[in-house]
There are 2 protein chains.
Amino acid sequence: MVSIELHPEPITSGAFAPFGDVVMLEGAEQRVINEGATIRYHDLAKIDVSDEGGRAITSIFRGSPRELPFRLRLMERHPLGSQLFWPLADEPYLVVVASPGEPPAISDLRAFHVPAGIGVNYAKGVWHHPLLAINHECDFFIVDREGPGSNLDEIPFPDGTDVMLHGLSV
Amino acid sequence: MVSIELHPEPITSGAFAPFGDVVMLEGAEQRVINEGATIRYHDLAKIDVSDEGGRAITSIFRGSPRELPFRLRLMERHPLGSQLFWPLADEPYLVVVASPGEPPAISDLRAFHVPAGIGVNYAKGVWHHPLLAINHECDFFIVDREGPGSNLDEIPFPDGTDVMLHGLSV
């Protein structure tokens, strides 16, 4: 049995950069529009969905909460496009990622704790665990890819592998 | 002086159809994913941004509240792409629209009251008033177009025109 205890770190743009974008107002380009009535925080993530005739679509994911510690069984990736999650609930959530390329070893996994009001955009091909809502059922606004081709790879961890995800240490 | 009092109607997909999509969970295709842990409400709006080499971008608009009744001074349109607004605050908002084509007469305007938790996606070329938050400052998640070409036309109402937008009648 190979066992790992995965503890999330607080997300930052720098730490998450190998995996995609942290989607947030802080640091964004601000444009004042609508005769001063609106601030536009402009172009917050790299939407990268055009490979093989793809196009951007918008969806909402309703995620059931995971009870922590939570045993991870698999990772997935979207080889043809980015996938953006914007949290609609006033709740934090967790993400588990690994760099694009070969299926990750469990020692390659990185876990992040994302506060309410901050989104993530997985870059094309980045390995990630499916949505990890915690505490409550949570909705997320999604921007990802629709189009020809196979855009989902799922890789279960090998038998005898035990990956336990914990909450943020206080 | 040509004067009009504009009273919003409650938004419905049918009434809004000439202007774009009402973005909502109700009626959406539901897909159960992530081994049952997530419901995907799939592809909620027609994201139409590829004209003239355009691509989808994501932004956040922070809208100052308008005091009602509010005098409208202009309409705008994006001739090259759709523009989606998803409300992030737990607040209703108003939209004022007119069909694509020639700049609208004030008698062509339609106003809608949109409850919290429901978005709108203006179809390409649809005339609309800039963001109309009410009650409080409100953030909206935006999906629209970036790319070559001129994607904003603004048309002020003629002098001597008075368009007053009211709140939803109770």
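Here is how names work: the chains are called A, B, and so on, in the same order as the sequence lines, proteins then strands, and each is numbered from 1.
- Ranked by heavy-atom pairs under 4.5 Å with chain B, the first of A56(A), A28(A), S50(A) is A56(A).
- When each of I47(A), V23(A), V49(A), D90(A) is checked for heavy-atom pairs under 4.5 Å with chain B, I47(A) comes out on top.
- Checking Q30(A) against H42(A) by side-chain atom types alone, no donor-acceptor pair falls below 3.5 Å.
- Comment: R40(B) engages D144(A) in a salt bridge, judged by a side-chain N to carboxylate O separation of less than 4.0 angstrom.
- The contact between F61(B) and chain A is made by backbone and side chain atoms together, counting heavy-atom distances below 4.5 Å.
- By number of non-hydrogen pairs under 4.5 angstrom with chain A, the leading residue of K46(B), R31(B), R62(B), E35(B) is R62(B).
- Chain A forms more heavy-atom pairs under 4.5 Å with one residue of L88(B), V143(B), L74(B), N121(B) than with any other, namely L88(B).
- Looking at H128(B) and E76(B), their side chains do bring a donor and an acceptor atom within 3.5 Å of each other.
- Under the 4.5 Å side-chain heavy-atom criterion for ILVMFWY residues, no single connected hydrophobic cluster contains both L80(B) and I57(B).
- Between W86(A) and F141(B), the ring-plane angle classifies as tilted under the 30° and 60° cut-offs.
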